[in-house]
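Quick notes on the structure that follows.
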Amino acid sequence: MENIIIESKDLDIYYGDFKAIKSANIAFEKNSVTALIGASGCGKSTFLRSINLMNREVKDCRLEGEILYKGENILREDIDIYDIRKNIGMVFQRPNPFNMSIYDNITFALKCHGIKDKTTLDEAVETSLQQAALWNDVKDNLKKSAIALSGGQQQRLCIARTLAMKPDVILLDEPTSALDPISTSKIEDMIFELQDNYTIIIVTHNMQQAARIADRTAFFHLGEIVEYDRTDIIFSNPAKRKTEDYITGRFG
Ligand SMILES: Nc1ncnc2c1ncn2[C@@H]1O[C@H](COP(=O)(O)OP(=O)(O)OP(=O)(O)O)[C@@H](O)[C@H]1O
Ligand SMILES: [Mg+2]
């Protein structure tokens with residue numbers, strides 16, 4: 001692989017004495033979609049959250065090893081965490097819009113970063129809502145409360161909010177698991193559109209989803225990355241027995 005944007009090297013993640021991620025070595029190519037799969041509790045979210053330093057908020061969580069973003073180790077003590085999170089955005093399983101208007105949800109972080117110009121903010125709102133396939137649903141109601149949107153619309157708003165920051169990398173932790181099939185396919189279409197300009201890492205329990213959208217897939221088992229390869233290989237001809245057992249539904 002050329003053009004690596006994120007890479008973990010011998011990454012161990014502990015909760016107290018419990019080692020949730022064991023020596024993860026994995027590299028993500030710029031402008032690609034990677035799916036992280038594996039049974040519940042195998043460490044997918046733990047790994048994903050480490051990439052934009054969300055674990056810093058978790059008590060007793062300790063990381064050893066390196067996470068390189070554009071070649072720089074972001075586990076250094078003096079790293080600017082807000083800068084990292086601006087460049088590496090994250091969307092969670094449950095839509096979590098702020099209790100404010102649709103417009104304000106998208107402009108909130110931009111304003112925190114000092115952007116005040118109304119034209120710039122208006123443009124950011126329209127562009128990010130377009131990218132998240134929500135513009136047509138809400139363009140006449142931007143002052144409406146985000147909480148009044150449906151679950152699928154709220155999730156697309158959360159994605160728009162992330163996109164408005166113009167990140168390089170978007171981390172998605174089971175973004176469609178709480179959504180109906182139509183909202184799910186809108187988000188999958190959107191991921192397909194975004195991959196030309198963004199690096200996307202998505203945790204999913206839905207194997208069809210991984211097969212549809214991901215260039216590469218990593219299979220996690222008990223805190224280890226068992227296999228990482230092109231998605232078509234993982235699903236048609238995996239090298240490891242454990243991967244095959246999982247994708248054919250023999251466990252997990
Ligand atoms: N804050 C925490 N404190 C202690 N242990 C934790 C914490 N978060 C997760 N763990 C443990 O770390 C392991 C990995 O959890 P994680 O949430 O990363 O799994 P996952 O693969 O995302 O699972 P799921 O598919 O159910 O979301 C589990 O054994 C879990 O109990
Ligand atoms: Mg999880």
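Numbering of ligands and ligand atoms starts at 1, following listing order.
- Residue contacts with ligand 1 for Phe18 involve side-chain atoms from C-beta outward but no N, CA, C or O (heavy atoms, distance under 4.0 Å).
- At least one protein heavy atom sits closer than 4.0 Å to atom 6 (C) of ligand 1.
- Side chains of Asn55 and Ser50: no donor on one and acceptor on the other come within 3.5 Å.
- Open room surrounds CG on Asp17; 12 or fewer heavy atoms of other groups in view lie less than 6.0 Å from it.
- In this structure, atom 25 (O) of ligand 1 has a protein heavy-atom contact shorter than 4.0 Å.
- The backbone N or O of Arg216 sits less than 3.5 Å from a side-chain atom of Thr231, completing a donor-acceptor pair.
- Not a single heavy atom of Lys59 sits closer than 4.0 Å to an atom of ligand 1.
- Only the side chain of Val58 comes within contact range of ligand 1, with a heavy atom under 4.0 Å; no backbone atom does.
- At least one heavy atom of His205 lies less than 4.0 angstrom from ligand 1.
- A cation-pi geometry, defined here as NZ or CZ lying under 6.0 Å from the six-membered ring centre and within 45° of its normal, does not hold between Lys242 and Phe219.
- Residue Ser45: an N/O/S atom is found under 2.8 Å from the Mg ion (ligand 2).
- Geometrically, ligand 1 and Gly38 share no nitrogen or oxygen pair separated by less than 3.5 Å.
- The residue from Leu172, Val169, Leu48 that alone fulfils the side-chain contact (heavy atoms from CB on, under 4.5 Å) condition with Met90 is Leu48.
- Counting heavy atoms closer than 4.0 Å to ligand 1, residue Ala20 contributes side-chain atoms (C-beta onward) but none from N, CA, C or O.
- Residue-environment remark: NZ (Lys30) stays at or below the threshold of 12 foreign heavy atoms within 6.0 Å.
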